Amino acid sequence: MTSAPGLVFDSVEKSYGSSRTAVKALTRFSLTVAEGEFVAVLGPSGCGKSTALRVAAGLEPLDSGAVSVAGESPARLIREGGLGVAFQDNALLPWLTVAANIELPYRLTGRPVDRGRVAELIALVGLSDFAASRPSQLSGGMRQRVSIARSLVLSPRVLLLDEPFGALDAVTRHRLNTELARILDAERSTTLLVTHSVEEAVFLADRVVVMTGRPGRVKLETSIPFGRGRTKEIQTSGAFLAIVAELTAALDADDADVAA
Amino acid sequence: MRTQTLGGRWLLPALGVTVLLVLWQVVGAGQLLGRSIPPLTEVIGALGSRGDVIWRATLATGQRALLGGLAGFALGVLLASVTAWLPRSTAPVLRSAVLINAIPVVAVGPVLMSLSTRPFIPEIFAGLSVLFSTVLAVSDGLRTASPSSEALFSVYGARRSTRFRLLLFPSALPMVADALRLAVPAALLGAILGEWFGADRGLGVVMVSAMRNVQYGLLWAAALAAIVVSVVFYAIATALERAASARFARGTQAPSPVAALRRGENALLGLAIPVALVLLWQIWVWVGHVPQIVAPQPAGVGRALVTDFVPYLEAAALTTVSALGGLVSGAIVGIGLAVLVSVVPWLYSMLSPLALIIPTVPIVVFIPIIGGLLGYGMQTVFASCVLMAFFPIYVLALSGLRSRPPGADDVFAVHGAGRWQRLIRLSLPSSVPTLLLAVRISAANCFLIAISAEWLMGQGGLGRLFSERRVVLDNDGSWAAVIVAVALSVAAYVIAAAAERRVSARWQS
Amino acid sequence: MIGTRGPQRPRRRANRMAGVVAVAATLVLAGCATGSADSGDGGGEAVSFQLDWVKNSQFAGFFEADDAGYYSDAGLDVTFLDGGDVASTAAVIAGGGAQIGIVSNMARYMDALETGADLVAVGALYQQSPAGIMTLPDRTITSVDDLAGLTIGTDESGTADINTLFAVNGLEPDWEDVRVGYDAAPLFDGQIDAYYAYVTNQPVSYDLAGQPSNTVTFADLGFESYGGLIVTTREYLESNRDTVESFVAATTKGWADAIDDPEAAVDLVTESYGADLGLDPAAELGTLEAQVPLMTSDFTDANGLFALDPALIEGPMYDALTASGRESLPEVSSAFDTGVVEAANE
């Protein structure tokens, strides 16, 4: 683990709704992602893991506690264009071409478009033949690759991925996981991935965090003992399967807690 | 119905039109519905012999509707854009639009006639008629960007102008085009009504002259020309709407809720807008030295309301009965027909050309004809309201009946559900949100149409009261009737909107 | 919002769009080309004259005066403002939208004065208002008693007039009011017993269409009233008396021509001034011919067209207005200026 802090949540409290009917989404949520580290957050649905990501992206104000991204406030980092995001719903603008969608962050941050960089990312996600296509002409998996390319185009210091493959079928998802591992090896960013797929988390992350049911707190942390440059073969290794089993059990226990 | 055969596409609609035309000829020739409906051949004769007159009138009216309508549309888009720019202004802007829409144009006509606005009355009416639906639809459209796109723009710190230009406006375009489509018949009707208050040429002038001179052929020829212009403009707007929907991917994203105001602010706003309008009115009368015969002062109108409280209350009650009764009956007829048509596909094909024509028909023009058919009195007012409410409800009910949750059809099929079970347990419940939208649109307009009908041929109600006071130049009294009507109309809209919010919250997944 | 549709084949759509845009452009251009028509000859003093209906033959004399150059000879450049909204003309004149105009009857004029409008009537187009009652041939109305208990179709101004008719005759209103608008069809369809009409208008059209009817004016039933008052503001009259006098003088000449040769006047109306209305020449001629007897009388023979008779106003006309419930009527000399017609006929 590197020492410089990439993304730090410090006792974050966050609830939604008016004071009377408030729903607590996060309570005493603390987590540190080191610079260049890839952390995946797992948890039952509604546990507040997406809220954690939205807080880091500066999309939600905090009730109390603090979040710093690369030593700065999210707002500061936003101004510098230092954040990248991808959502489950790919958030592509349907009236723009693939290339124009990937260029969008330049325009939003008011920078000159680096066409070489855009072409490089289109190539990296394997869509060179589709640069002039519109999202409606692409498959779901291809759209998600555009979304990933867009999140990386500014070489963000911190990358936030909210269930990026959640809407895809299992086969496509597997393939994109492998691709994402390859892409992120080329594009090193501090990365926070929110997912409900244990396999995905274990395959991609350096460290996996399991959250409790609502209100969300960190319940379990596991370092993944595989280095970068992973290939799909590791998914059948005994070590991989053991970690998956352990984390799945932790998640199941949580479900039992909720039921009780 | 899925596979559109040649018969479905052309044969049945053509058959529908033919049946309609033959029916018209038979009714007209036999004078089955009175002498005010001439046979089709007489109308064609008038078109032939007076083609030049109709052509010039059509050009004049079409041009006014186009200019005024586009100006009103542009203003509507602009106002709606303000709501996107400053989300907290959404509620005030929408409410002012509802209020302005509720003012019957017939009340504004004499004022515009006395001012320098006189040469542009048709254009102004056309513009005013489209303003409301445009602001409403476009403001909704500007709130249809997906939350994740919004988040994306926030994460990159996009400026407001960038967000508007690159996200909000493009995603609103399908609804902007929708608004354009809704605007077409409204603009044309506005222009025709405006011509009645003074224009030397135009379909409105031809109609009013022909009506009084018993030139039924000419009257209907002018009405037919109005419908043709409307259909042409409507086709243009529909083409634009389809292009926008395809290019800018009309999403399934429902508009995000209007920026909420605190309870106190809400009440304050409900009070502040009318007070501000009354203040503006008073200032205008003072500064412009507007004589009482052109426009009264607020105090005088208030006095008229207080001294004649009971007659106004009775008139308001009668108008409310017509308007709401018409709305409910229109809803029943509209939903009934939508259900029938969704169960009997060939009927749908046959009626589809009518579905194109009816929204383009300026209904007010036909109120006298309804009077001829049904007699003169409340039944005609009521029927006009039914006709007015029926169509949007029919269209939206039909689209609602088809917007079933994905996969639900299959679930019903697997369980062997029959046609009726599917209708009652699936289609009807899923159409509730769109139906409520239709009711909201019709609620305010219902009062307007009730007042117009009462004004033209009612035996009572606010429209009749307005007309009686107006004709003796009692402006205090006639404006008081208008103000009561505006209040009722706004109340109907607000109640319908609240009901819609309440119910549709439950329908959201 | 309405009608969600899937994507379409783009090529065909593009063609269709090009087509519709072309149609729209043609409409606009054609509209512009035929746009500006009757701008005056220029040069003269601009006067806007507010008519109380669309440009049909009931205003034939005004158009004659314009066409024959009587207005321009008098140094006037007259613009005719028309409108279907009869009730608004007084407001337009009082509000400065027109310098001179027609207020359709005495009652409306008194209503206007009551609002404080600074108006003055300088003449009357009709010595006897054309307002009256139309019935089927089998019913003849000779006195107000014949109207008792009938169902009468009215337009906006009919109700008050018929009530006044009863009041003038010392009777309580005893009739059923059915608001039918401008069309007398319900009379022939048997929905009403009588119809409030301008005897110069609907009866003529129906007669030509092979539907004869009986008519009677309100004056015949004891309710005397001028029709078509020529009105201006007192302020305008005081500072532009010459203009108003020249206008009335030129108009008198125009009407003399129209009365002399009604066919020519009707041609002028249907082919020029009212060409955009699709008027029926035969009906327009009938209207004009029915109108002339109402415009002329022994009094106008002696004093000129449009002449106002103070004795008649003060007597039967004010009696009728009083009977209709009006308590304070203005001094005749303040509301009516007989000097304009006198000067015009010198």
Side-chain angles (χ1 to χ4, degrees), chain B residues 34-36 50 53 56-57 59-60 62-63 66 109-110 113-115 118 137 140 175 178 196-198 200-201 205-206 208-215 218 232 235-236 239 242-243 245-246 250 291-294 368 371-372 375-376 395-396 399 456-459 467-468 470-473 475, chain C residues 1-5 7-8 13 16-17 20-21 23-24 27-28 30-31 34 54-56 81-85 87-88 90-92 94-97 108 111-112 115-117 156-157 159-160 177-186 188-189 191 201-202 205-206 209 276-280 283:
Chain B
R35 65 193 60 239
S36 41
R50 292 306 173 85
V53 171
R56 287 198 302 271
L59 285 181
Q63 197 191 357
L66 196 63
M113 269 179 88
S114 330
L115 303 176
R118 179 185 176 107
D140 268 10
M175 281 178 91
D178 262 345
W196 189 75
F197 281 98
D200 43 17
R201 140 178 335 128
V205 189
V206 170
V208 74
S209 168
M211 210 182 288
R212 182 135 167 201
N213 291 338
V214 207
Q215 295 166 295
L218 189 66
V232 169
I236 296 171
R242 289 193 182 177
S245 288
R250 179 190 288 276
Q292 169 79 17
I293 192 172
V294 174
Y376 301 85
V395 169
L396 286 172
S399 99
L456 288 170
M457 35 205 40
Q459 308 304 326
S467 135
E468 279 171 3
R470 189 180 93 98
V471 81
V472 298
L473 307 178
N475 267 339
Chain C
M1 206 151 97
I2 297 172
T4 306
R5 287 193 179 79
Q8 291 238 321
R13 193 176 56 236
R16 221 183 303 159
M17 287 263 291
V20 289
V21 168
V23 170
L27 269 172
V28 174
T34 55
V54 296
K55 290 173 180 162
N56 65 9
L81 305 175
D82 51 0
D85 187 31
S88 298
V92 173
R108 240 21 17 87
D111 292 333
T115 69
E156 214 175 8
S157 33
T159 308
D177 184 6
V178 179
R179 178 65 61 87
V180 300
Y182 292 145
D183 187 357
F188 296 99
D189 289 336
Q191 289 164 304
N201 193 282
Q202 289 98 333
S205 305
Y206 270 100
D276 288 312
L277 300 176
L279 297 167
D280 173 13

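Computation of the quantities below employed the complete heavy-atom set of this structure, encompassing side-chain atoms and omitting hydrogens, waters and symmetry-equivalent molecules. A quick note: this is a predicted structure, and the numbers were derived from the prediction, not measured. Numbers restart at 1 for each chain; the letters A, B, ... are given by sequence-line order, proteins then strands.
- Interface summary for chain C: among B:Gln459, B:Gln292, B:Glu468, the most heavy-atom pairs under 4.5 angstrom belong to B:Gln459.
- Without hydrogens or angle criteria, B:Arg50 side chain to C:Gly278 main chain gives a donor-acceptor distance under 3.5 Å.
- A distance of 4.0 Å separates CZ in B:Arg118 from CG in C:Leu81, rounded to the nearest 0.5 Å.
- Ranked by heavy-atom pairs under 4.5 Å with chain C, the first of B:Asn213, B:Asn475, B:Leu218, B:Val294 is B:Asn213.
- At a 4.5 Å heavy-atom cutoff, the contact between C:Asp280 and chain B is made by backbone and side-chain atoms alike.
- Interface remark: C:Thr159 contributes side-chain atoms only to the contact with chain B (heavy atom separation under 4.5 Å).
- Inter-residue side-chain proximity for B:Pro291 and C:Thr115 is flagged as unmet; no heavy-atom pair is nearer than 4.5 Å.
- B:Arg212 pairs by the salt bridge (charged side-chain N to carboxylate O under 4.0 Å, His left out) definition with nothing, not counting sequence neighbours.
- The salt bridge (charged side-chain N to carboxylate O under 4.0 Å, His left out) check on C:Asp111 picks up C:Arg108, C:Arg326, with sequence neighbours excluded.
- Most heavy-atom pairs under 4.5 Å with chain B, from the set C:Ala112, C:Ala160, C:Gly116: that is C:Ala112.
- Between C:Asp276 and B:Val53, the closest heavy-atom pair is O-CG1, 3.5 Å.
- C:Ser88 places a side-chain heavy atom less than 4.5 Å from the side chain of B:Arg470.
- Proximity to chain B involves both the backbone and the side chain of C:Ala94, based on heavy atoms less than 4.5 angstrom apart.
- Neither the backbone nor the side chain of C:Ala283 comes within contact range of chain B; no heavy atoms are under 4.5 Å apart.
- Between C:Val54 and B:Val208, some side-chain heavy-atom pair lies under the 4.5 Å cut-off.
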